[in-house]
Amino acid sequence: MIGINDKGFPSLTTLSHNNYIGRFAPSPTGPLHTGSLFTAVASYLDARHHQGKWLLRIDDLDTPRNKGDSVAATLKTLEAFGLYWDSSVYYQSQHLDDYATFLVTLAQSQLTYRCICSRKLLANLPSNESSNTQYSIYPSICRHKSISPDAPHAIRIKTSDCTLSFNDKLQGTISHNLAKQYGDFILKRKDGIIAYQFAVVVDDYLQGINYVVRGCDLLAETPKQIYLQQLLGFPTPAYMHAPVIVDQHGYKLSKQTLATAVDTQSPNITLFGLLVLLKQNPPDSLFGGSVSELLGWAIIHWRTDELALCSTISM
Ligand code: GLU
């Protein structure tokens with residue numbers, strides 16, 4: 001049972017428990033593909049191996065990218081693979097008031113500012129001209145300007161020039177300097193959409209998540225999230241960034257690379273293949289076994305030593 005503080009949010013003391021609460025947080029931008037199922041299986045097995053809870057969150061804030069029937073398709077795929085989640089599904093779109101509240105908290109502490117810079121302006125800045133890529137470090141142009149709340153604006157967080165380190169369960173110690181490597185990053189976009197970085201911090205806190213298992217493609221985002229947790233006084237979960245599956249050209253399987261939806265016809269065969277990719281070394285005798293037999297075996301034997309320090313796995 002999670003206690004509620006006087007602001008109506010889970011109280012920090014009751015959230016810092018030892019019981020493992022993990023989660024899987026797909027974005028509904030298309031049906032689950034093998035790469036996302038791989039992450040789902042890793043986070044599910046890690047949670048269940050530790051007798052933990054496994055929650056499901058739908059990261060549906062980026063509405064222009066959402067695809068109509070992906071949520072139903074995602075839930076169906078998870079069920080077909082026996083990946084049953086605890087509690088009801090958490091939808092980010094039902095927590096807009098929570099993001100607004102915590103944004104006010106940061107603003108009141110003078111930690112954020114309004115930014116009216118357009119992408120075009122930033123892409124054409126002299127320091128970025130030599131690079132083919134989009135600007136990566138925002139040069140704090142609006143940080144000291146007074147910008148009217150009526151002007152269309154994004155909200156940025158002030159970053160500081162110090163090194164933030166955390167210990168990833170698979171990737172070891174990760175150290176980043178937020179100001180030098182990322183600059184003041186966006187919490188709320190100019191189109192009004194709450195940025196992933198910020199939403200995920202609020203969600204993990206509200207859901208009481210204390211163990212995050214997700215793909216290595218999000219490793220570089222983690223220091224920004226830990227920074228926000230520290231500013232908001234939220235506990236920092238343990239992190240484990242698992243490898244991501246890449247295709248024969250070395251590209252991460254994703255909706256952008258047109259990875260096809262997971263085939264749910266023979267989930268047990270696909271699941272066996274995923275356990276092999278996850279370096280679980282399932283015995284041959286399990287091949288052809290049911291999904292629940294495979295998961296039962298994998299929960300008991302879950303190990304991560306062979307997964308350590310690899311960021312990609314080829315299919
Ligand atoms: N929704 C994100 C994605 O699908 C994952 C968020 C997270 O695990 O923090 O890539």
Does a side-chain N-to-carboxylate-O contact under 4.0 Å join [X] and [Y]?
X	Y	answer
R57	D59	yes
K158	D184	no
D86	R48	yes
E221	K224	yes

Pair [X], [Y]: side-chain N/O donor-acceptor within cut-off below 3.5 Å:
X	Y	answer
D203	Y90	yes
S290	N268	no
H241	T222	yes
Y113	H144	no
Y196	D62	no

> With T304, which of L170, L278, V213 fulfils side-chain contact (heavy atoms from CB on, under 4.5 Å)?
Replying inline: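 For T304, the side-chain contact (heavy atoms from CB on, under 4.5 Å) check succeeds only for L170.
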Which atom names give the shortest non-hydrogen contact between [X] and [Y], and what distance separates them?
X	Y	answer
A40	L78	CB-CD2, 4.1 Å
S87	L55	OG-CD2, 3.8 Å
C117	C142	SG-SG, 3.7 Å
S43	F24	OG-CB, 4.0 Å

Within a strict 4.5 Å, meaning less than it, do heavy atoms of the [X] and [Y] side chains meet?
X	Y	result
F166	D168	yes
Y182	N177	no
L83	T77	no
R23	W85	no

> With a cut-off of under 6.0 Å to the ring centre and 45° to the axis, is R156 in cation-pi contact with Y138?
Replying inline: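 Pair R156/Y138 counts as cation-pi.
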Any donor-acceptor pair under 3.5 Å linking the side chain of [X] with the backbone of [Y]?
X	Y	result
T105	T101	yes
S165	S175	no
R114	I147	yes
D46	A42	no
Q280	R303	yes
S109	L111	no
H33	G35	yes
S118	L121	yes
S36	L32	no
H49	L45	no

> Does a sphere of radius 6.0 Å around NZ in K169 hold more than 12 heavy atoms from other residues, nucleotides or ligands, not counting ones at 6.0 Å or beyond?
Replying inline: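 Counting neighbours around NZ of K169, 12 or fewer heavy atoms of other residues, nucleotides or ligands fall under 6.0 Å, so no.
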> CG of D284: more than 12 outside heavy atoms within 6.0 angstrom?
Replying inline: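 Open: at most 12 neighbouring heavy atoms sit under 6.0 Å from CG of D284.
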> CD/Q207 to CG/N210 distance, rounded to the nearest 0.5 angstrom?
Replying inline: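 Between atom CD of Q207 and atom CG of N210 there are 11.5 Å.
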> Rounded to the nearest 0.5 Å, how far does OG1 of T74 lie from NZ of K67?
Replying inline: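 Answer for the NZ-OG1 pair, K67 versus T74, is 12.0 Å.
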> Run the side chain to side chain contact (heavy atoms under 4.5 Å, CB included) check on L103 and I194 step by step: do they pass?
Replying inline: CA-CA 10 Å; L103 213 44; I194 297 292; 4.3 Å; yes
Mind checking whether [X] and [Y] have parallel, tilted or perpendicular rings, split at 30° and 60°?
X	Y	answer
Y20	H50	parallel
Y205	F102	perpendicular
Y44	W54	perpendicular

>> If you apply the rule side chain to side chain contact (heavy atoms under 4.5 Å, CB included), what do you find for L61 with L96, and how did you get there?
In response: CA-CA 9 Å; L61 287 181; L96 299 180; 3.6 Å; yes
